[in-house]
Amino acid sequence: MKKNKICLVGGGSTFTPGIVKSIVERSEDLNLEEVVLYDIDEERQKKVSVIVEWILRKQLKSNVTLTVTTDAEQAFTGAKFIFAQMRVGGYKMREQDEKIPLSFGCVGQETCGAGGLAYGLRTIGPMIELIDQVEKYALADHWILNYSNPAAIVSEACRKIRPKARIINVCDMPIAIIDMIAGSLNITDTSEIKYDYFGLNHFGWFTSITYRDRDLLEEIKNYVNEHKILLPPQYIERLKENRATGDRHAVSSWIHVWESVYTMLQAFPDYLPNTYLTYYLLQKETVEHQNPDLTRANEVMNTREKALFEGVDKYLSTGEVDESSFHAGSHGDWISDLAVALLNDTKTRFLVITENKGAIPNMPYDAMVEVPAYVGKNGPEVIAQEPVPLFYQGLMMQQLNSEKLIVEAYIENSYEKALQSFSLNKTIPSINVARLVLEALIKENESYWPDLN
Ligand code: NAD
């Protein structure tokens with residue numbers, strides 16, 4: 001059987017070393033021959049590749065070929081899987097996505113609210129270009145596994161502009177939440193945790209969570225009620241003592257988000273909300289809590305990014321490697337397991353972002369929804385859901401239409417549609433504020449966005 005080539009787009013990502021590790025640990029299941037790192041930033045990717053090379057040769061003793069390139073033809077020719085993790089505009093632009101809305105009293109977030117809409121307008125063009133290049137050079141039965149954010153807007157744009165693309169959009173946040181639940185309830189084997197979920201990306205709810213014969217949804221609600229936060233006890237202890245938890249989802253600004261789960265459950269105890277709903281349901285409290293001078297982009301630049309690049313420098317000068325500087329955790333494992341399921345037709349259950357096509361009966365046919373699916377060689381086979389109760393459906397429709405409008409604004413170069421998208425977003429309180437935030441973001445994104453007339 002022909003061996004496979006897997007390409008990581010955004011090879012210079014801070015997640016790359018951990019994800020390559022997860023891929024190579026599954027070499028046999030993936031019938032793997034070559035890993036390619038592809039990026040538009042040659043210098044950044046080269047640095048990251050130093051650690052990747054160490055992982056392959058020294059840590060895993062693997063003979064999988066590593067190619068590092070900025071040439072699309074070389075990267076994609078003959079590739080079976082393309083893992084897309086690009087951050088268009090880098091952390092510098094993420095900082096603007098967070099700080100500009102905040103300066104007008106609106107939630108400042110990478111993927112939610114005005115920041116997410118701005119990031120979406122930056123990312124659609126490069127994603128479409130990626131799809132076209134992959135179609136030109138990769139194997140005909142390739143799969144693009146995309147987790148570049150903002151995944152909701154990216155997936156809607158792909159559906160509309162390249163409907164035939166062999167792309168599956170996914171997100172690791174529900175998995176990160178399951179990890180926190182497992183940690184809180186003392187469960188070590190997360191592979192036996194089963195869950196149901198409905199929503200849009202970064203905008204959904206768990207409707208059931210079970211482990212063998214245990215009802216974890218009830219158990220976790222009780223736990224959150226008792227602790228007033230959804231974090232494992234050891235994390236709570238470490239945070240009280242001002243010590244790092246070692247988990248990228250349990251640092252500084254994330255704490256407010258895990259506490260918000262308690263507030264949201266107090267109001268609406270039926271389902272467990274995705275943490276990102278904090279930004280839409282507790283928008284005022286989020287703004288009051290956010291530090292306009294130090295947002296999450298600053299936190300990542302000061303921690304994960306710094307640790308990785310300092311780790312590279314240390315390795316180059318001393319030959320020593322600090323493995324904690326490049327851990328990808330369940331994020332990398334999950335993406336790699338998805339590729340295994342597609343290749344080996346395992347029909348394993350994953351959450352995917354997919355065109356609704358009736359899966360949620362009272363959402364539009366063409367909505368990009370996030371629901372469980374069995375994944376095999378033909379892609380996801382979605383599991384049909386019950387109709388969504390009015391409150392949740394109303395929230396989802398508002399968010400969905402805001403996201404659809406920003407994609408239409410991109411396609412039609414329409415300022416009016418962009419303003420409608422901003423005005424409809426639940427994080428923005430009035431059309432006047434929407435206009436101010438939009439104008440400020442247009443200025444900052446001049447070299448990335450299409451002209452909006
Ligand atoms: P990062 O800045 O560390 O890395 C991103 C890389 O993408 C950079 O090296 C950059 O040069 C490269 N890049 C930018 N535009 C590109 C293009 N057009 N073609 C090829 N490469 C390009 O960012 P990160 O923190 O690793 O995040 C990467 C992406 O993955 C972001 O969109 C982030 O939100 C997303 N992410 C998603 C999940 C998920 O589960 N959905 C989890 C983590 C990160």
Side-chain angles (χ1 to χ4, degrees), residues 7-20 22 36-49 51-52 68-72 75-76 82-95 97-98 109-112 115-116 118-120 122-134 144-155 168-179 201-202 248-249 274-276 296-297 299-301 303-309 312 325-336 338 350-353 370 447-448:
C7 177
L8 267 72
V9 175
S13 159
T14 49
F15 292 103
T16 295
I19 290 174
V20 172
S22 297
V36 182
L37 306 186
Y38 168 74
D39 204 296
I40 51 170
D41 184 337
E42 187 170 15
E43 198 188 328
R44 184 181 173 97
Q45 174 167 262
K46 204 162 171 226
K47 281 192 178 168
V48 171
S49 73
I51 293 289
V52 173
V68 184
T69 181
T70 53
D71 179 69
F76 304 135
I82 294 87
F83 289 21
Q85 50 175 17
M86 61 170 84
R87 183 182 290 286
V88 179
Y91 279 98
K92 281 266 158 279
M93 288 308 293
R94 174 177 177 173
E95 191 177 359
D97 294 341
E98 293 169 345
Q109 217 279 331
E110 169 194 24
T111 65
C112 301
Y119 189 15
R122 282 204 303 281
T123 309
I124 296 172
M127 275 305 300
I128 299 302
E129 197 184 327
L130 172 70
I131 289 171
D132 292 348
Q133 285 174 329
V134 168
I144 302 173
L145 308 187
N146 178 55
Y147 43 100
S148 311
N149 273 314
I153 294 167
V154 168
S155 57
I168 302 178
N169 293 281
V170 287
C171 171
D172 75 339
M173 195 61 219
I175 304 302
I177 295 172
I178 291 292
D179 283 349
N201 179 238
H202 287 185
R248 75 183 165 94
H249 289 119
N274 189 310
T275 47
Y276 281 101
R296 198 167 288 158
E299 284 175 9
V300 178
M301 285 188 273
T303 54
R304 195 169 71 231
E305 207 177 36
K306 190 162 171 271
L308 178 66
F309 290 112
V312 174
S325 63
F326 57 81
H327 182 65
S330 40
H331 172 56
D333 290 343
W334 193 69
I335 295 292
S336 308
L338 183 62
F350 290 87
L351 265 191
V352 293
I353 305 160
E370 192 164 340
S447 56
Y448 295 101

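Because only heavy atoms are used, hydrogens play no part in the values below, and waters and symmetry mates are left out as well, while side chains stay in. Model, not experiment: these values are computed from the prediction. For ligands, and for the atoms within them, numbers begin at 1 and follow the listed sequence.
For the residues Phe15, Tyr38, Phe83, the heavy atom positioned nearest atom 43 (C) of ligand 1 is part of Phe15. For atom 33 (C) of ligand 1, the nearest non-hydrogen atom from the set Arg87, Met173, Arg304 belongs to Arg87. One option in Leu37, Ile40, Asp39 has a heavy atom closer to atom 19 (N) of ligand 1 than any other, and that option is Ile40.
Contact atoms of ligand 1 toward Gly12: 9 (O) (distance under 4.0 Å to a heavy atom of the residue). Set against the non-hydrogen atoms of Gly10, the atoms of ligand 1 under 4.0 Å away are 6 (C), 7 (O), 12 (C), 21 (N). With ligand atoms numbered from 1 in the order given, ligand 1 contributes 3 (O), 25 (O), 26 (O) to contacts under 4.0 Å with heavy atoms of Thr14. Each of the following atoms of ligand 1 lies closer than 4.0 Å to a heavy atom of Asp41: 11 (O). Those atoms of ligand 1 that come under 4.0 Å of a heavy atom in Tyr91, given as number and element, are 1 (P), 2 (O), 3 (O), 23 (O), 24 (P), 25 (O). The Glu110 neighbourhood of ligand 1 comprises atoms 33 (C), 34 (O), with distances under 4.0 Å to a heavy atom of that residue.
In Tyr119, the part holding a heavy atom less than 4.0 Å from any atom of ligand 1 is the side chain. Contacts between Val9 and ligand 1 below 4.0 angstrom, taking non-hydrogen atoms only, involve the side chain exclusively. No part of Gln45 comes within 4.0 Å of ligand 1, judged by heavy-atom distances. For Pro126, every heavy-atom contact with ligand 1 shorter than 4.0 Å involves the side chain, none the backbone. Residue contacts with ligand 1 for Arg44 involve side-chain atoms from C-beta outward but no N, CA, C or O (heavy atoms, distance under 4.0 Å). When heavy-atom distances to ligand 1 are checked against a 4.0 Å cut-off, Val170 comes that close only through its backbone atoms N, CA, C and O.
Listed here is the closest heavy atom pair of Asn274 and His202: ND2-CA, 4.4 Å.
Considering Asn201, Asn169, Thr123 in turn, Asn201 is the only one that fulfils the side-chain contact (heavy atoms from CB on, under 4.5 Å) rule with Asn149.
Note that the CG atom of Asp39 and the OG atom of Ser49 stand 10.5 Å from one another [nearest 0.5 Å]. For the atom pair CD1 of Ile144 and CE of Met127, the computed distance is 6.0 Å after rounding to the nearest 0.5 Å. Taking NE2 of His331 as the reference point, atom CD1 of Ile175 lies at 11.0 Å (rounded to 0.5 Å).
Of the N or O atoms in Glu305, none lie within a sub-3.5 Å distance of an N or O in ligand 1.
Between Phe83 and Tyr147, the two ring planes are perpendicular [angle over 60°; tilted spans 30° to 60°].
Protein heavy atom at the shortest distance from atom 42 (C) of ligand 1 is His331 CE1, 3.3 Å. Counting only heavy atoms of the protein, atom 28 (C) of ligand 1 lies nearest to Gln85 O, 3.2 Å. Scanning the protein heavy atoms around atom 40 (O) of ligand 1, the nearest turns out to be Asp172 N, 2.6 Å. In terms of protein heavy atoms, atom 26 (O) of ligand 1 is closest to Ser13 OG, 2.4 Å. Scanning all protein heavy atoms for the shortest distance to atom 30 (O) of ligand 1 gives Tyr147 O, 3.7 Å.
Judged by the shortest distance from any of its heavy atoms, Cys171 lies inside the 4.0 Å radius around the atoms of ligand 1. Between Ser148 and ligand 1 there is a heavy-atom distance shorter than 4.0 Å.
Under the side-chain hydrogen bond (donor to acceptor under 3.5 Å, both in side chains) criterion, Glu299 pairs with Ser253, not counting sequence neighbours. Residues passing the side-chain hydrogen bond (donor to acceptor under 3.5 Å, both in side chains) test with Arg122 are Asp97, Asn445, sequence neighbours excluded.
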Decide yes or no on side chain to side chain contact (heavy atoms under 4.5 Å, CB included) for Arg87 and Met93, but give the supporting numbers first. CA-CA 9 Å; Arg87 183 182 290 286; Met93 288 308 293; over 6 Å; no

Residues Arg94, Met301; criterion side chain to side chain contact (heavy atoms under 4.5 Å, CB included); working and verdict: CA-CA 11 Å; Arg94 174 177 177 173; Met301 285 188 273; over 6 Å; no

Apply the test side chain to side chain contact (heavy atoms under 4.5 Å, CB included) to residues Trp334 and Val170: give CA-CA distance (whole Å), side-chain angles for both, the deciding distance (0.1 Å), then the verdict. CA-CA 10 Å; Trp334 193 69; Val170 287; 3.5 Å; yes

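Under the 3.5 Å distance criterion, with hydrogens and angles disregarded, a donor-acceptor pair is assigned to the side chains of Thr16 and Gln85. In the model, Ser148 has a side-chain atom that pairs as donor or acceptor with a side-chain atom of Asn146 under 3.5 Å.
Between Tyr119 and Ile153, the closest side-chain pair of non-hydrogen atoms is not below 4.5 Å.
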